[in-house]
There are 4 protein chains.
Amino acid sequence: MPTARSPNPARRSERARLAILKATLDLTLRHGFTELTIDAIAARAGVGKQTIYRWWPSKGAVAAEAIMQATLPRVRLQDTGDFVADVRTQLRSMVQLMGDARFGPRIAELMGAALLDRSLAKWMIERVVVPLREKNRQHIARATQRGLVHATDEDVLADVLFGPLWFRLLVSGASLDIAYADAVLDVVLSGVGRDRDRPPARRARGGPRTR
Amino acid sequence: MPTARSPNPARRSERARLAILKATLDLTLRHGFTELTIDAIAARAGVGKQTIYRWWPSKGAVAAEAIMQATLPRVRLQDTGDFVADVRTQLRSMVQLMGDARFGPRIAELMGAALLDRSLAKWMIERVVVPLREKNRQHIARATQRGLVHATDEDVLADVLFGPLWFRLLVSGASLDIAYADAVLDVVLSGVGRDRDRPPARRARGGPRTR
Amino acid sequence: MPTARSPNPARRSERARLAILKATLDLTLRHGFTELTIDAIAARAGVGKQTIYRWWPSKGAVAAEAIMQATLPRVRLQDTGDFVADVRTQLRSMVQLMGDARFGPRIAELMGAALLDRSLAKWMIERVVVPLREKNRQHIARATQRGLVHATDEDVLADVLFGPLWFRLLVSGASLDIAYADAVLDVVLSGVGRDRDRPPARRARGGPRTR
Amino acid sequence: MPTARSPNPARRSERARLAILKATLDLTLRHGFTELTIDAIAARAGVGKQTIYRWWPSKGAVAAEAIMQATLPRVRLQDTGDFVADVRTQLRSMVQLMGDARFGPRIAELMGAALLDRSLAKWMIERVVVPLREKNRQHIARATQRGLVHATDEDVLADVLFGPLWFRLLVSGASLDIAYADAVLDVVLSGVGRDRDRPPARRARGGPRTR
DNA sequence: GCGTAAGCGAGACGGTACGTCTTGTCTTCTG
DNA sequence: CAGAAGACAAGACGTACCGTCTCGCTTACGC
């Protein structure tokens, strides 16, 4: 059996790689992920199909890389010591990205593709989700230690913060804007239970609306 | 011009309808949604492909109907007056469904298909999401009026409650169990902000376990 | 394992069948067999590729059928009782076909394809060679019985008559015309040995074996 | 403009040349010509593909050279003065080669490849057919002059002698053995016509020319 | 109670995209 | 600096399903 030699990344053609990612981004933004085909990418990039299959396992992986490359830098992750402000910044940047008519739907489609293709999901998790999650977890852990928030399972806290955003993007389709990000943060910080003695007006702390 | 006459539901064959849903459910649970094909459904149901296309717009729609029919009754929606208990019950039932190894992945795949197929999404929203959402919204509105929770946008509250569940099912893949449902409810009721005077652990880690 | 159901010939579309053969003949005559592709046939015939694969095992088989259909009727097989005249007629008609600039090269290419594809060879032999050979063999047998020719293995006689024609078409590439057909027949009837008075064919069964 | 410089044969690596021919022969004998690929030859010979393309125009040419080199020496061409014996020797040696299960099929495949690739045919004709044919033609001419055989077009005589062998190898697939070689020679020397005493001018009997 | 229109099982059809394969060229590295 | 290694562009291959269509057959309504 001729062992399925894997290609040598050192000899990879940077020209081809860039052309493929560019073509993929263009086609995806223009026509959507579903219309995207490997043939079209190859044709537009002036590249053989094999060259795509050599370096990516599926069209989803190519699109994921292309989209991530264009969007991830726009997610603002920072750790200034002011946990609430940091989280607010991150939530706002995410909500702006997800709410962007050019990118939001593409991200949703990518998630859809990943949900239907276990190997794509794995590919995306390894390269995107894990690093991001780790960063957030540490951030939250630090905040908890310093007493900035009540102790909770960090994962639960992250889920409660980011889950609602993904819920709107993927499930309900409701609008995503900065007010929403702030509202979510507000609820998570203060809770909605009635047995509270502190002044309810805290919610106004929403910070400066940027939009 | 022969107008594209739509079929007459009165003459629809109940035998065929049931056979199709049964075959679809069997095939989906056994091999997953991605492996499912219209041809396979038709073959297993002993039905012509045209009969499927006559009554459903796509394989996603058939699968959606089959899966929903098998799972929706297991979501417990109630309005006893005790808002927190009601929500806890609903969250727990949802978490149990989503965490079920047979159904969770299928629901996720269905969502994936819907994310990639706008018309399927529409079909599912009309027949599933809207009624459910309305019920929840009214429930929350009633609770707010009665002062059971602090006033908030009902949608935000719903998102914060259910978003984390969907987040785990669709995005992070983390485990879904009753403890998680309770933890989410806990955070949402009390918040995690530090300026609190009430006793931290009060809310009892979840009340009576239902399983 | 889903047994590879074979299609039902009764439901075969005559329209598609004819369109495919016509397209194949056109393309082959115009561009040659090597340039022929299944894609091109499908496109020109207005037919799905699968429809071709459903009824023919390879492009060679389609081309064989198309070419045979156009050429076989031009081979004149007759049995008038005058063996020599019959054979001369057949040789001449074959030589005219093989020498025809439109068909000769195509026939040669088909033979080439068959030589490289055992299954195509089998397909062609079953549907063309066997029936033809049988006819010739009977013809020769009858002639031998009636004493029209000296007794010989019928196969050898057929080989000596037709072999030279195929030799020119496939191997030497030398010209094929009626004079050549007659010359071959001539040699086969009279032989070229110089001692024409010795008793017929028994001659020697081979001389010294070299191995 | 960088003229398409052709390689300098003087600097050709003999090691590479031999390795390529050896690898080709091995692979062809083991798996057949159709399975042969340039990549496989290169890999097995431990040679770059470019090195093959530099010296041969196609895989057919490499295979032709490899096969010819292994088989041609086994064809016995001699001119002892006894024309019939010489021809018999040659026919027998050819029949043994063609009938050899290792080589016969490869020779047939090579012919097939040549029939589908005009340039390969040209390459083979130049390097193999022409020299061989010339030898045979001279041989026959000499025999005719000396009256060993009745005068005939030398080409026709050669065709009648060798055509049947190629016919069996390429077309009918019937068995090739020494008895067959002798039978062919037999028929060609004596003919099969029944009136063996008629005048040699019989060629005029050609009947009405139809073209 | 009979004709007719529709739904039905079956499956061939035109078509799209897939992922693989081989070819012949181009690029990079190594002895 | 020639040769090995192998990535590259190109494009045909055969497969899998798609959604439509055309067949007879059965079913049930309406005259």
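Order of the sequence lines sets the chain letters (A, B, ...), proteins ahead of strands, with each chain counted from 1. Below, each value reflects all heavy atoms present in this structure, side chains not excepted, and no hydrogens, waters or symmetry copies.
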Engineer: Once you round to the nearest 0.5 Å, how far does CG of C:Leu27 lie from OG1 of C:Thr37?
Structural biologist: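 Separation between the atoms: 8.0 Å.
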
Engineer: Atom CD1 of B:Ile38 and atom P of E:dT16: how far apart are they, to the nearest Å?
Structural biologist: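 Atom CD1 in B:Ile38 sits about 20 Å away from atom P in E:dT16.
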
Engineer: NA contact type, D:Trp56, heavy-atom cut-off 4.0 Å: base, sugar-phosphate, or nothing?
Structural biologist: nothing

Engineer: Check whether any side-chain N or O of B:Thr51 sits under 4.0 Å from OP1 or OP2 of E:dG9, and answer yes or no.
Structural biologist: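 Yes, because at least one side-chain N or O of B:Thr51 sits under 4.0 Å from OP1 or OP2 of E:dG9.
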
Engineer: On DNA chain F, nearest-nucleotide positions of D:Ala45 versus B:Ser58: which is more 5'?
Structural biologist: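 It is D:Ala45, whose closest nucleotide lies nearer the 5' terminus.
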
Engineer: Rounding to a whole Å, what distance do you find between B:Glu14:CD and E:dG7:C1'?
Structural biologist: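 After rounding, the gap between these two atoms is 14 Å.
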
Engineer: Hey, is the side chain of A:Lys49 pairing donor to acceptor with the base of F:dG11 inside 3.5 Å?
Structural biologist: no

Engineer: Calculate the interatomic distance between A:Arg12 atom CZ and F:dA9 atom C1'; express it in whole Å.
Structural biologist: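 For the pair A:Arg12 CZ and F:dA9 C1', the rounded distance is 16 Å.
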
Engineer: Could you tell me the separation between the CZ atom of A:Arg17 and the C1' atom of F:dA9, rounded to a whole number of Å?
Structural biologist: 19 Å

Engineer: Indicate whether OP1 or OP2 belonging to E:dG9 is found under 4.0 Å from a side-chain N or O atom of B:Arg15.
Structural biologist: yes

Engineer: Kindly confirm or rule out a cation-pi arrangement of B:Arg12 over B:Trp56, judged by NZ or CZ under 6.0 Å from the six-membered ring centre and within 45° of its axis?
Structural biologist: yes

Engineer: Under a 3.5 Å distance rule, please check whether A:Lys59 uses its side chain to pair with a backbone N or O of A:Thr24 as donor and acceptor.
Structural biologist: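 Answer holds: no.
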
Engineer: Could you state the atom-to-atom distance from CD1 of A:Ile41 to C1' of E:dA17 in whole Å?
Structural biologist: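 Computing the A:Ile41:CD1 to E:dA17:C1' distance gives 12 Å.
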
Engineer: On DNA chain E, check which nucleotide each of C:Gly46 and B:Ala42 is closest to and give me the residue with the more 5' one.
Structural biologist: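 The residue whose closest nucleotide sits nearer the 5' end is B:Ala42.
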
Engineer: Report the nucleotide, chosen from F:dA16, F:dT20, E:dG9, that has the shortest atom-to-atom distance to any side-chain atom of C:Gln50.
Structural biologist: F:dA16

Engineer: Can you check whether A:Arg54 has a side-chain N or O nearer than 4.0 Å to OP1 or OP2 of F:dC8?
Structural biologist: yes

Engineer: If you compare every side-chain N and O of D:Trp55 against the phosphate oxygens of F:dG3 (OP1, OP2), does one of them come in below 4.0 Å?
Structural biologist: no

Engineer: Closest heavy-atom contact between B:Ala114 and B:Ala121?
Structural biologist: O-CB, 3.5 Å

Engineer: Respond yes when some side-chain nitrogen or oxygen of C:Arg11 is under 4.0 Å from OP1 or OP2 of F:dG24, and no when none is.
Structural biologist: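 Looking at the OP1 and OP2 atoms of F:dG24, neither is under 4.0 Å from any side-chain N or O of C:Arg11.
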
Engineer: Of the candidate nucleotides E:dC18, F:dC13, E:dT25, which contains the atom at the shortest distance from the side chain of C:Lys59?
Structural biologist: F:dC13

Engineer: Taking C-beta and beyond as the side chain, do C:Ile38 and C:Tyr53 meet within less than 4.5 Å on heavy atoms?
Structural biologist: yes

Engineer: If you pin A:Ala10 and B:Ser13 to their nearest nucleotides in DNA chain E, which one's is more 5'?
Structural biologist: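 The residue closer to the strand's 5' end, by nearest nucleotide, is B:Ser13.
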
Engineer: Can you tell if the side chain of C:Ile41 reaches within under 4.5 Å of the side chain of C:Ile20, non-hydrogen atoms only?
Structural biologist: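 Sidechains of C:Ile20 and C:Ile41: in contact.
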
Engineer: At under 4.0 Å between heavy atoms, what does C:Asn8 touch on the DNA or RNA strands: base, sugar-phosphate, or nothing?
Structural biologist: sugar-phosphate

Engineer: What is the distance from CG of B:Leu36 to P of F:dC17, rounded to the nearest Å?
Structural biologist: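 Interatomic distance, CG of B:Leu36 to P of F:dC17: 11 Å.
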
Engineer: Send over the distance from C:Asp39 CG to E:dA17 P, rounded to a whole Å.
Structural biologist: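 Taking CG of C:Asp39 and P of E:dA17, I get 14 Å after rounding.
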
Engineer: Picking from E:dG9, F:dA7, E:dT23, which would you name as closest to the side chain of D:Tyr53?
Structural biologist: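 Nearest to the side chain of D:Tyr53 among the choices is E:dT23.
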
Engineer: Tell me: CD1 of C:Ile52 to P of E:dG14, nearest whole Å?
Structural biologist: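 Those two atoms, CD1 and P, are 9 Å apart.
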
